[in-house]
Structures are given as structure tokens and as C-alpha cells.
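Below, each value reflects all heavy atoms present in this structure, side chains not excepted, and no hydrogens, waters or symmetry copies. Letters go in sequence order (proteins before strands), and every chain restarts at 1.
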Amino acid sequence: MFNLEATLFCGQTFAWQKDGSTYRGVIGQRLVTLDVNEPCSAIVSDPFLRHYFDLEYPYEEAEAHLAALDPKLGELLSVHRSIHILNQDPWETTLSFITSQNNTIRRIRNLLDALRQTYGKEVAPDHHALPTPDELLRESSEDRLRALGFGYRAEYLLDAAGKSNLLATVSDLTDEEALHTLQRIHGVGPKVASCILLFAYGRKDVFPLDTWTGRILASFYPGKDPSFFSPYGGIAQQHLFYAERRKIDSHW
DNA sequence: GGCCAGGAGGCCT
DNA sequence: AGGCCTCATGGC
């Protein structure tokens, strides 16, 4: 089994919280509850969760490749074990990573929770889905989003909602074409587009380059660029990011 | 009070 | 194409 804790809290999703002996998250329109000690059977027996947790992808092969490529990654893989790249909903991923730009993880979570509480459907008592594009366009506005604390990103969320049809075309495109297409959304640049491709479309060779991963490359891999980790740049990036973040605080 | 946060748009050369 | 400035907001 993969490392569920790391998979949920390595920064690829902001939907989950750990309370007591359970992980809870609203994924799509559904509240998912997993027992911290016995999550496997619930995941394996559920087709939706099997796909969400990416059980069909051959991680052993990718991880063996990365461990052989570079000793630092080999060590991280032995510590983290397997971190899976989730197959998240493209729209939810777009909302999440537009919100993430120039922001802190704590505040990203708070803003997305506010978005759920304010506009999302209540799928279980006190648990709300993220708003759909239509819900956002119909019920919200730039002023209201600014009032929630989104600041200058308010306009970006509404533009993304209006262009959500773009997301349906991405699956047929190459990585390069998809990066270009996603950046037609205002507020989506190279980094956010990379996160959407990796975390929603399973493009395992896309390496989101941000302040953290840029620093990591500069200090541990001088002279190298993300193509060094190809064709598993996305997986490598996630282990590098998680390792670096864990030095700061283990619970965010 | 300046600087930074899982950046990106706009404008300048 | 590359280099600044600005964009809300909050924590340190």
C-alpha cells in the first residue's frame, strides 16, 4: 500500500483533513471518510477511490527508475515510501491552484473552505463541495469573492468558471499543447497549468516549478533542469517538495 | 515595517 | 524574450 498520509498532505490537494482517527475530504460531490489505521479495503473495493488514488499506475517502475537515477531521490523514496499522484477533478484542481498563487498553504485551505461554505452544495452535515463553474457564475461576483479574502484572484476564479469548457479538451492534447491551452485562463501561468496537468490529468512528467522547487533544484541539482527527472518529473518533484516542506512544519 | 507565501499579468526595453 | 512592478492578504 502507498503512503496515504503523505499522499493527502504533500501539497497536491487541499481537500483533506485529519481529525482523530479518520481522514475526511469532500471529493467531487461526495464526502469520503477513511480510517487512519484501515484505509485499504475502503479504497480498493471502491472504483471511484481506486481511480482517485491512482491505483492502476505502475509506481514501482517509476520509483525504481528515480532511485537509480539519483541517490537523494532514492533516500527520499525509502523514507516517504510511495506517494501517489491523485487523479483529481480538473475544475477543482484549477480553483485550488489559482488560489495557491503567491499564497500560503494555510491560507489556501482557509479560502477554499470559505468557498465551499459559501457557494458549495452541502453533501453531508457540515461538509460542502466546491462550487461548480455554474454555481460560481450564478451566485458569486468579483466583489463577493474579494470579501471572502481572495483579493486579486477573485477575477481569475470567475474567468476560469467562464472558460471551464477548456478543461474538457485537455485530455486529447500533448503536455505542451495542454500547458498552452490552460494558460488561456486568466491567472493560470506555467506553474498553475503544470499543477493542473499533473494533479488532475495524470501527466507524470510535468514538473511544477515554483519558489520551493526552484530553490531545491538550485541547491541540490545545480546546473540541472526538470528534464533530468524525465519521464517521471512530476513524481520526483512531489517527493522533493514534500521533503523540503516537512523540514518547516510537519502539520500543515 | 519589510518580506515572503506552491505566481501571474502588464508594461517596458 | 527578459526584467521590473503590481496585485490582496496575513504571518512572522
Side-chain angles (χ1 to χ4, degrees), chain A residues 6-17 76 80 83-86 88 90 92-115 117-118 130 136 140-163 166 176 178-201 203-221 225-226 229 233-252:
Chain A
T7 295
L8 295 180
F9 298 105
C10 66
Q12 61 177 324
T13 171
F14 308 98
W16 292 84
Q17 60 184 27
L76 290 182
H80 297 162
I83 296 179
H84 278 205
I85 304 296
L86 300 170
Q88 300 182 68
E92 296 186 358
T93 310
T94 301
L95 279 183
S96 299
F97 284 92
I98 286 177
T99 303
S100 80
Q101 69 156 271
N102 200 27
N103 214 340
T104 59
I105 300 218
R106 182 64 53 94
R107 224 168 83 78
I108 297 163
R109 304 181 74 97
N110 290 342
L111 286 169
L112 291 172
D113 284 343
L115 203 61
Q117 298 282 339
T118 309
L130 282 169
L136 207 56
S140 191
S141 68
E142 182 170 346
D143 285 344
R144 292 181 183 184
L145 291 173
R146 280 180 178 265
L148 286 182
F150 279 88
Y152 63 88
R153 306 175 194 83
E155 168 210 336
Y156 299 161
L157 295 189
L158 294 175
D159 189 67
K163 293 174 181 166
L166 283 182
E176 194 176 351
L179 285 172
H180 184 74
T181 295
L182 288 170
Q183 288 177 67
R184 289 167 57 188
I185 298 172
H186 211 44
V188 175
K191 191 272 178 181
V192 172
S194 299
C195 286
I196 297 170
L197 270 189
L198 177 60
F199 300 140
Y201 294 93
R203 304 295 179 92
K204 302 292 196 292
D205 200 20
V206 175
F207 189 117
L209 198 52
D210 61 37
T211 55
W212 288 93
T213 52
R215 281 199 290 265
I216 293 168
L217 280 187
S219 58
F220 295 107
Y221 301 91
D225 63 89
F229 305 99
I235 297 173
Q237 172 272 159
Q238 205 54 49
H239 282 275
L240 293 170
F241 180 78
Y242 185 56
E244 208 60 22
R245 287 297 319 197
R246 289 215 319 163
K247 295 178 185 172
I248 310 297
D249 51 354
S250 55
H251 202 73
W252 43 275

Expressed as a whole number of Å, how far does the [atom1] atom of [N] sit from that of [M]?
| N | M | atom1 | value |
| --- | --- | --- | --- |
| dA8(C) | dC11(B) | P | 15 Å |
| dA5(B) | dG2(C) | C1' | 24 Å |
| dG6(B) | dC12(C) | P | 13 Å |

**Report entry** ring pair (Phe, Tyr, Trp, His ring centres under 6.0 Å) partners of Phe199(A), counting only residues at least two apart
**Finding:** Phe97(A)

Report summary line: Those residues at least two apart in sequence (or on a different chain) that pass ring pair (Phe, Tyr, Trp, His ring centres under 6.0 Å) with His186(A) are Tyr156(A)

Using atom [atom1] of [X] as one end and atom [atom2] of [N] as the other, report the distance to the nearest whole Å.
| X | N | atom1 | atom2 | answer |
| --- | --- | --- | --- | --- |
| Leu112(A) | dA5(B) | CG | P | 19 Å |
| Leu198(A) | dG6(B) | CG | C1' | 12 Å |
| Leu182(A) | dG7(B) | CG | P | 18 Å |

Query - Residue mapping more 5' on DNA chain B - nearest nucleotide basis, Ser100(A) or Ile185(A) - result: Ser100(A)

Report summary line: side-chain hydrogen bond (donor to acceptor under 3.5 Å, both in side chains) pairs touching residues 207-221 of chain A, sequence neighbours excluded, are Asp70(A)-Tyr221(A), Asp210(A)-Thr213(A)

Query raised in the report: Can you give one letter per nucleotide of nucleotides 7-12 of chain C, going 5' to 3': B for a protein heavy atom under 4.0 Å from the base, S for sugar-phosphate only, - for none?
Result: BBBS--

Requested in this report: Using a 4.0 Å heavy-atom cut-off across all strands, classify Glu155(A) as base, sugar-phosphate, or nothing.
Outcome: nothing

Query raised in the report: Counting any heavy atom closer than 4.0 Å, what does Glu244(A) reach on the DNA or RNA strands: base, sugar-phosphate only, or nothing?
Result: nothing

Query - Pair assignment for DNA chain B - dot-bracket with | for other-strand partners, Watson-Crick or G-U under 3.5 Å - result: .||||.|||||||

Query - Phe14(A) to Ser96(A) - nearest heavy-atom pair and separation - result: CD1-CB, 3.9 Å

Query raised in the report: Of all heavy-atom pairs between Asn103(A) and Arg107(A), which one has the smallest distance, and what is that distance?
Result: OD1-NE, 3.1 Å

Report summary line: Those residues at least two apart in sequence (or on a different chain) that pass salt bridge (charged side-chain N to carboxylate O under 4.0 Å, His left out) with Lys163(A) are Asp159(A)

